[in-house]
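To start, the structure itself, in structure tokens.
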Amino acid sequence: MNTVDLDFHLPPELIAQMPAPQRPASRMLHFRRDDRSITHRAFRELPSLLRAGDLLVFNNARVVPARFTLIKPTGGRVEALFIAQTHPRQWQVLLKNLGTYTSDTTYHFEKSPAWPDALTTPTTRIASSEGNGQFTLELDQDIDAVRLLESLGRMPLPPYIKRAKQNDERDDFDRDRY
């Protein structure tokens, strides 16, 4: 099978913006290789579709809430996506809406309602640009990226799932389900 075999037009109004309320009711596309048939099913039907010798691979990885916002000195917002922590004070990120910058410009992390008051909000600056929107941030303090992102990050949903730019009433639900 080639990936082109899976190409099809999906009207935007048919793209689910929220997962099914009950996980077993989630929709599943079933493709049969032998006759190339496609049927639409519910995930709860999976056990009845399995045959002896089938292999199931479970992904129990947790999605990190890797989207966050930096605030420019002017008050402008920079959309950011965490890629990796390369040092206790350095992060690889993708940045959008950065505009012109200098290496000595300080950016603040936008706090979220989950941010513990006892923590000092770190600041950051752009240490380098790797091109194509990828940058290295230099933080002003050693901090565990996952811990910080758990407090202020949002889930990195695909662009076809629409959410409000800043805070969305579905953010907690997204953290639970994705």
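With K72 contributing its side chain and L98 its backbone, the two residues share a donor-acceptor pair below 3.5 Å. The closest donor-acceptor contact from the side chain of E150 to the backbone of V64 lies at 3.5 Å or more, if one exists at all. At least one donor-acceptor pair under 3.5 Å links the side chain of D168 to the backbone N or O of R170. Between the side chain of N2 and the backbone N or O of V4 there is no donor-acceptor pair closer than 3.5 Å.
Judged by distance alone, the side chains of Q134 and Q92 do bring a donor and an acceptor atom under 3.5 Å apart. A donor-acceptor contact closer than 3.5 angstrom is absent between the side chains of E138 and T136.
With E79 as reference, K165 is the one residue of K165, R154, R67 to meet the salt bridge (Lys or Arg N to Asp or Glu O under 4.0 Å) rule.
Note: the hydrophobic cluster containing L14 also contains I161 (ILVMFWY, side chain heavy atoms under 4.5 Å, direct or indirect links).
Going from atom CG of L152 over to atom CZ of R147 covers 11.0 Å, rounded to the nearest 0.5 Å. In this structure, R77 CZ and L70 CG are separated by 10.0 Å, a value rounded to the nearest 0.5 Å. The line from CG of D171 to CG of L157 is 8.5 Å long, rounded to the nearest 0.5 Å. Taken to the nearest 0.5 Å, the OG1 atom of T69 stands 11.5 Å off from the NZ atom of K96. Once rounded to the nearest 0.5 Å, the distance linking CG of L29 with CG of L6 reads 8.0 Å.
Heavy atoms only, all atoms of each residue included: V63 and M155 are closest at CG1-CE, 3.2 Å. When all heavy atoms are compared, the tightest approach of L95 to I126 is CD1-CD1, 3.5 Å. The shortest non-hydrogen separation linking A25 to A20 is C-CB, 4.1 Å. Across all non-hydrogen atoms, the minimal contact from P21 to R177 is O-NH1, 3.5 Å. Scanning both residues, E45 and S48, for their nearest heavy atoms gives O-OG, 2.7 Å. Of all heavy-atom pairs between A66 and P156, the closest is N-CD, 3.9 Å.
The number of heavy atoms from other shown groups lying within 6.0 Å of CZ (R27) does not exceed 12. Atom CD of Q22 has 12 or fewer neighbouring heavy atoms from other residues, nucleotides or ligands inside a 6.0 Å radius. The local environment of CG in D35 is crowded, with over 12 non-hydrogen atoms from other residues, nucleotides or ligands closer than 6.0 Å.
Contact check for P73 versus T106: no side-chain heavy atoms found under the 4.5 Å cut-off. Looking at heavy atoms from C-beta onward, S37 lies out of side-chain contact with F31 at the 4.5 angstrom threshold. Side chains of T124 and L139 form a contact here, defined as non-hydrogen atoms less than 4.5 Å apart.
R36 and D5 are joined by a salt bridge, as a carboxylate oxygen and a charged side-chain nitrogen come within less than 4.0 angstrom of each other. A salt bridge is defined here as a Lys NZ or Arg NE, NH1 or NH2 lying under 4.0 Å from an Asp or Glu carboxylate O, and D174 with R163 meets this definition.
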What verdict does the side chain to side chain contact (heavy atoms under 4.5 Å, CB included) test give for R175 and F173, after you've listed the backbone C-alpha separation in whole Å, the side-chain angles of each residue and the deciding distance to 0.1 Å?
CA-CA 5 Å; R175 278 177 176 253; F173 182 81; over 6 Å; no
Is there a side chain to side chain contact (heavy atoms under 4.5 Å, CB included) between L137 and R125? Walk through the geometry before answering.
CA-CA 6 Å; L137 295 183; R125 63 178 190 79; over 6 Å; no
Between L148 and I143, is the side chain to side chain contact (heavy atoms under 4.5 Å, CB included) condition met? List the steps.
CA-CA 7 Å; L148 181 61; I143 194 155; 4.2 Å; yes
Applying side chain to side chain contact (heavy atoms under 4.5 Å, CB included), run through Y107 and T123 and close with a yes or a no.
CA-CA 6 Å; Y107 300 88; T123 60; over 6 Å; no
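When hydrophobic residues (I, L, V, M, F, W, Y) are linked wherever their side-chain heavy atoms come within less than 4.5 Å, the members clustered with L50 are M28, F43, L46, L49, L56, F58.
Contacts classified as ring pair (Phe, Tyr, Trp, His ring centres under 6.0 Å) and involving residues 73-104 (residues at least two apart or in different chains) are given here: F68-W91, F82-W91, W91-F109, Y101-F135.
In terms of the side chain to side chain donor-acceptor pair (under 3.5 Å) criterion, residue partners of D34 (sequence neighbours excluded) are, by chain and number, R32.
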